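Because the structure is predicted, anything quoted here is derived from the model rather than measured. Residue numbers start from 1 in every chain, and the chains themselves are labelled A, B, ... in the order their sequence lines are given, proteins ahead of strands.
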Amino acid sequence: MIDKIWLVVLFPLLGVVINGLAGIKLPRKVIGAIGSLAILGSFITACLIFVEVAGHGSAERVSEVVLFTWIGCGSLQVNAGFLVDPLSLVMMLTVSGVSFIIHVYSTGYMAEDEGFRRYFTYLNLFVFFMLILVSANSFLLMFVGWEGVGLCSYLLIGFWYQRQAPADAGKKAFVVNRVGDYGFLLAMLLIFVTFNTLDFNKVFAAAPQVLEKGGLAVTLMTLLLFVGACGKSAQIPLYVWLPDAMEGPTPVSALIHAATMVTAGVYMVARCATLYSMAPISMEVVAIIGCLTALFAASIGLLQNDIKRVLAYSTISQLGYMFLACGVGVFTAGIFHLVTHAFFKALLFLGAGSVMHGMSGELDMRKMGGLKTKMPWTYGTFLIGTLALAGIFPFAGFFSKDEILWAALQKSPALWLGGAVGAFMTAFYMFRAVFMTFHGESRIESHVHVHESPGSMILPLCVLAVLSVAGGWIGLPLIAGGNQLKEFLQPLFSVAGHAAPAEQAAHEVGLEITMMLVSLGIALSVIGLAWFMYIKKPLLLEKLSARFSSLYRLVYNKYFVDEAYDALIIQPIKNSSLWLWRLFDEKVIDGAVHGTAALVLGASGALR
Amino acid sequence: MGIETGTVMLSIIGPEVVLVLAALGIMMTDLFVKSDSEQPFLMWIGFVGMLGALAVSASFWGKEAAYGFYGMVVADNFSAFFTTLFLIAGGLTLLMSSGYVRAQGIAAGEYYTLTLFATTGMVLMAQSTDLIMLFLGLEVLSVSLYVLAGMAQDSTRSAESSLKYFMLGAFSTGFLLYGIALLYGACGSTRLADIGSVLAQKQILREPMLLAGMGLLLTGFGFKIAMAPFHRWAPDVYEGAPTPITGFMSVGVKAAAFAALLRVFAGSLAALSPHWKELLWIGSVLTMTIGNVAALRQTNIKRMLAYSSIAHAGYILIGVVAGGSAGTGAVLYYLLVYTLMNIGAFAVVITIEQKGEKNLNLSAYAGIGSRHLALGAAMAVFMFSLAGIPPFSGFMGKFYIFSAAVKEGYIGLTIIAVLNSLVSVYYYLRVTVMMFMQEPESGAEEAAVFFHPALAGVLLIAIFFTVQMGLFPSSYLQFAQDSIKMFL
Amino acid sequence: MVGTTQYLVLGAVLFCIGVAGVFIRRNAIVVFMCIELMLSAVSLTFIALSRSQGSIDGQIFVFFIMTVAAAEAAVGLAIILSLYRRRQTINVDEFDLLKW
Amino acid sequence: MGLISLLIFLPLAGAVLIALGPREKPGLLRGIALTTSVATFLLSLGLFTRFVAGEGGFQLVEMRPWVPGLGITYRVGIDGISLFLVLLSTLLSVVAMAASWSDIKVRVKEFMICLLFLETGMIGVFVALDLFLFYVFWEVMLIPMYLLIGIWGNPGRRIYAAVKFFLFTMFGSLLMLVAILVMYFYHGKTTGIYTFDLMSWYNLKLPLSMQVWLFLAFGLAFAIKVPMFPFHTWLPDAHTEAPTVGSVLLAAVLLKMGTYGFLRFNLPLFPEATVMFVPLLAGLSLVGIIYGALVAMVQVDVKRLVAFSSVSHMGFVVLGIFALNVEGMTGAMLQMLNHGFSTGALFLIVGMIYERRHTRMIADFGGLSTVMPVFATFFLIVALSSIGLPGLNGFVGEFLVLLGAFQAEPLWAVVAGLGLILAAVYMLWMFQRVMFGEVDKEENRGLKDLNLREAALLLVMVFFIIQFGVYPKPYIDRIEPSLKLVLKRVEERGAPLRPAAATAAEKPAAATAPQHFTTQHHN
């Protein structure tokens, strides 16, 4: 079965081809079904392969399937091939699974949209590229998926291209991602000249011999790769595109900008764990950037009024946690959080989508309130997602986040503190969102007719809700043998040959439990605070904002980062381009040409 | 001296004899021509005369050099080459003129007669081996052309052109003669062969009289080939003269002057070559630069072609400077190529020109390409060829010239020359731009095309050779090479 | 003692006068006469040289020069005359239809 | 007559046929032209099948004396470098014929003759193995292109553009002519054989001082054609003013002649000088990449934008060539072909909307995706290919170029990589302004989507765009051996003069464990 791995990517591609070419004549239901079934096919294939691989001993779980030589030139030999190992399998399962759910959801959500066929074509294309990204056997092929998902993200953010904002947002996403990709590209070049190959297996196998631990080469490589990861996974300073990306359809936000694509950076760092382990400086950078992003984005999330933006900043923040995990060396925990986050964040986005659907497209939480009764299913599942994100026991987020914080504490208290404050804020803004949306008095404008969403949307919510609850149990840290995910993944990450801090953790069960209880307590008290501020005493908020007005404005305006980028980077480039064109090109170069001509012609006039 | 001076040997000047007989025939027949419609008959007499002369000259080809009139004239490959060239130019000029003469109301008898006389003078120049003969040939040529230039009877412009040509022609003859006199003083003979052998034996070549003579001779020739700075007359004369005669002058006179220049300088004065090559180097650069640059702003097509003709003289001078078999061969080949393409260009000008100097302005060419594709295409071919763009013969000519220059190490000169041809591209392109890319200004009278079968024949011949000599230059190059064996 | 050199110098001086005249004088007839002067100077030179070298060639050349000059004069004067008929002037500066 | 000669002369025969054909029946003339070019294309496929992959040298060589007195021969043949360029020319000629079907309505006869002449010229340049022959084709091509721009171009500045194109190109090529002559006589004097045969010239060892000048003379001609900064200003004008077909062929084929010239002549003939001039050429190409992209960004005219993007893309090609390693050069070759398809297609696309709206100003469009969905899809794919999206053609070439550049001098790749970011900016921004947003102009509301002919044309281009991206192996396999030969010539004689390459190879070696690097120096 493993050698049939190409089926995983083939199914979505078929979906693209059928829907893209023939779909123009097909009814919507068929298009939706084709799109969803294609992904289901991938998911089932991935499951079968997973079962097979899981059956092998941990040593034989890694295999490579090569289809054909893609680029073979000089010393560069790149195959179109797949790397089947636990990491890629976990990613494939997550991606195809969540994708399938979201496809089903989309059949309901997008049912009325003109671009239904286009939507499913793009979505299938996205899954195709995403699966290539996670299953590629070389950096270059991964880059294909990497940029491919960027493309789909561009297309889907700008899905409603008639409006200015989505089109702008799509372009912004692509360009910012390109900046990151530039880092990735340079990293690949450096890797190639160092290892003379771009195959993951060969590179990682040769790394310990070729590279000097902590040396310039490996540090540079990993830092450049991390630039790529920052772009894709929206970390400081390249996070600016993700909030804007919310202009796309909500299922897209759920799939691409929460569950799968944005986590590609984390996946890539985890994939290169061998290299990162050899570059302590890079690890520190990753951890610090991750921690800062987690804090920074969470703080912005505190004051956003657009429900999707809250979730977007939350995503950025959670991605920060994943990088923090990688940075402190617990790659497993990073991946674990990636998986659980995929469940509950997809759930939250889809819930928000359901709210939007019921509210005729309204996103401003100030115009909601009291939806609890009108949309009970949505409310229930959204609450589960929130609890999971806030890290309440026994929901999925609790286990994964806690593992990260624990590992961070092992590394440095400062990192832990950052993470914990972030967690504090997370719980606050999420419950703020819940209270503003579902509780309290209704602030809904009169013309809006609120209704619960159809079954095709509710069902996926339920499935995700279940996963959000139970997803964490695969990584139970305390029960012996309970952390199956870690067991499954760890062999990959110990290639680097150093003990993961998580292993030491087992010796300090007591302390860990204490820490868990602390964080749980914090979370619960924060929920109370949110309840107090938004339900009990809403006026308090105004007073506070008036008190700290400048700080409030700063955070409310997202620290003016977009404005700063515009003033410091975009406008100067634009102006210098204009200057180059109007002055240099037309006046200097062409001026010299015309000047010569005029000189000769002038001489001609003189000679007659 | 080794040269068989022999006797009179009338057959040596066979081509001249035939031409003069034909000219006399035209004069006689002219007496009986009653109406305009019989005029072409005169032309055909001349044309047949040209053909006859060509046949005679062809019989000289490939044989040992034969001398006549006690060594004053020679029939060798070199003279045969140039005779052929003059006869082609003359013949095509006659064909071009046939309709033109009638339309412009020019006295046909005199016109054709003088054309034949001019051709005779040219042939004589190419055949002469004595400076006296050279002078005579030149004068026969010049005096005929003085008159021809003023033949367009109803045109003041033409008369003015004639006067200018005459004044400067006579003036330059003075220089030429003075040069000959000094050379005679230095070498004791007017025979080219004798001068050559005297110089070859001389130890010191810096005698002032010799150098002054050489300089004056060069000045005289410079006037004839319109070498800068002695070129000022050419544009005026070319502009004013009847168009076929302009064409004839631009190729025939130039070729005759170059033939003489080669005989005198490359042949007899070879020993002095360091001196005259330096002068010619400068002359060449000045000539092509001034010619090309000045042509840029011309709006009258004849005037533009006049400057173009000056520029081409500059290119040809490169070949003279380079010398050797390559350089001299290149000069000959270029003259041949230039003759055909330039006559072709003038044939187009005649086609478009109307009675009374109308439609000579470039703006009259607007839209010709779309209304008369064949004519436009023909002009385009000539323009591209003159600009030296492959695959036309003009390119091959330039290529040959430049390669000779590079071979002899005149790389600087070659670079100046290629930059010049870049400049020239601009004004040649302007003609094609006018013809193909612009429409006549609204309200402007549409240029009627003056069509004549003989003219069409000229165009066809010119086009054919312009293309053919560019694509398959081998036999022509060989022809040129064989013609200059005597210099080597 | 008047030797060859003196003749040659005289010839040169005459030639120069002729050239200068061509440049300075504006009357077409006078210009033409200056050209004739140049030719005469050349003839003088030829004869002097012929005499000093003891060869006949130079003298023969002079005959040709005279003949040709006569022919040129005929044609030239005719041209000047025809132009005068049209323009009523023989000032070369006024022949400005062409740019000169 | 061999296959290659047939390819050269078939279009010419077609042109003659059209010249004799009746002016009143443009349909017939178009038919003849299309048939001729299709036949030529089909014949050219024979080159591909008869070409032996893996051989670096020239194949299918034909030789015939032409001007024996000067050592000029009619000598044609192909190797991996020229094979695909010939195929590109023949294919694009067919596309051009078809694209002009409804675009060109006046003077159809002349137009078709010009196109066929151009085809002959293009094929000739790529197959000529005699310097004289090469020069003839090189110059001959100017005439039809000049006419195409000047006659069928946009009213307004077409004449300026046509003359500028002609003079710029001529300027470079005339100096090249002098260089060819110098080389010819040097060859003659040292070996006693006067010949323009390229093969013989390859064996010539020129003194360095001479190489420098000759390299500059050849290089200038090619740099203008490419066009490299700062000789590029003719390109935006020519592209903007030319009719669609002219722009397509100009971008797709004519520009390649410059880079082809570098590969075919500059590198193997002047290896030492090549190594000497690497910093200059690479520097200029880097400036070109960034400069072209920056200036493209602020253009208001779609065609001008694409033209400046060409400057940027061709910068990659030159950079790849002067990386002087297999990866870079192969990348450059692929990039040449890719650029042919991508930019060719872009000009087709611009032409299609120009035909509908008679404007090229970005501001005049907006929201076309809504009215022309099929067109939008093609445009998107082509734009993405131009951006260098992996999986499409542009990426393979650009990545190899970057890889080559990085091996030669890491800084080059760092700078060139910025061009990729900027490419996304200008292309997507333009795409957004043209295709996205609301249809706010009344004129755009009724635009018709592509008809079958147009869609088929773009489909051909898109097919290759995808094919090159997904499976470039057949191309690389044929290109690489020939490039290796070129490289070998440069390496053998230029190697001692290569400080840049040497340090590039040693730098990482010094930084880390050495065993891996000693072997991977370009082979």
Next item on the list: Could you tell me which portion of D:Phe166 (side chain, backbone, both or neither) has an atom closer than 4.5 angstrom to a non-hydrogen atom of chain B?
Entry: side chain

Check: Of the non-hydrogen atoms in D:Trp234 and D:Ile224, which two are nearest, and what is the gap between them?
Finding: NE1-O, 2.8 Å

Margin query: Please rank B:Ala374, B:Ala405, B:Ser403 by heavy-atom pairs under 4.5 Å with chain D and give me the top one.
Written below: B:Ser403

Notebook entry, point to check: Is the D:Tyr260-D:Phe126 ring centre distance short of 6.0 angstrom?
Noted result: yes

Note to self: I'd like to know if the side chain of D:Glu119 reaches the main chain of D:Leu115, judged simply by a donor and an acceptor atom lying under 3.5 Å from each other, with no hydrogens or angles considered.
What the structure shows: no

Item checked: chain D interface, residue from B:Phe392, B:Tyr426, B:Phe395 that has the most non-hydrogen pairs under 4.5 Å -> B:Phe395

Margin query: Looking only at heavy atoms and a cut-off of under 4.5 Å, which of B:Ser421, B:Ala326, B:Ser370 has the most pairs with chain D?
Written below: B:Ser370

Check: Which atoms of B:Phe402 come close to chain D, meaning under 4.5 Å heavy atom to heavy atom: side chain ones, backbone ones, both, or neither?
Finding: both

Note to self: Taking side chain as everything from C-beta outward and backbone as N, CA, C, O, which of these in D:Ile151 sits under 4.5 Å from a heavy atom of chain B? Side chain, backbone, both or neither.
What the structure shows: both

Note to self: If you apply the rule side-chain contact (heavy atoms from CB on, under 4.5 Å), what do you find for D:Phe132 with B:Phe399, and how did you get there?
What the structure shows: CA-CA 10 Å; D:Phe132 183 84; B:Phe399 179 80; 3.3 Å; yes

Check: Of the backbone (N, CA, C, O) and the side chain (C-beta and beyond), which part of B:Thr432 lies under 4.5 Å from a heavy atom of chain D, both, or neither?
Finding: both

Note to self: Counting heavy-atom pairs under 4.5 Å with chain D, which one of B:Leu477, B:Thr414, B:Val433 comes out on top?
What the structure shows: B:Val433

Next item on the list: Please look at D:Leu70 and chain B and tell me whether the side chain, the backbone, both or neither of the residue comes under 4.5 angstrom of a heavy atom of that chain.
Entry: side chain

Next item on the list: List the atom of B:Ala322, the atom of B:Tyr410, and the distance in Å for their closest heavy-atom pair.
Entry: CA-CE1, 3.9 Å

Item checked: Sub-4.5 Å side-chain heavy-atom contact between B:Glu408 and B:Leu413 -> no

Check: Non-hydrogen atoms of chain D under 4.5 Å away: do they reach the side chain of B:Leu422, the backbone, both or neither?
Finding: both

Notebook entry, point to check: salt bridge (charged side-chain N to carboxylate O under 4.0 Å, His left out) between B:Arg371 and B:Glu439: does it pass, once the steps are laid out?
Noted result: CA-CA 10 Å; B:Arg371 289 198 308 278; B:Glu439 288 306 315; 5.1 Å; no

Checklist line | Option that, when pairs with chain B are counted at under 4.5 Å, heavy atom only, ranks first among D:Leu147, D:Val182, D:Ile159 | finding: D:Ile159

Checklist line | Top of D:Tyr146, D:Trp138, D:Trp66 for chain B proximity - count of heavy-atom pairs under 4.5 angstrom | finding: D:Tyr146

Next item on the list: Go through B:Tyr315 and B:His312 one step at a time and tell me if the ring pair (Phe, Tyr, Trp, His ring centres under 6.0 Å) criterion holds.
Entry: CA-CA 5 Å; B:Tyr315 300 137; B:His312 281 275; 5.4 Å; yes

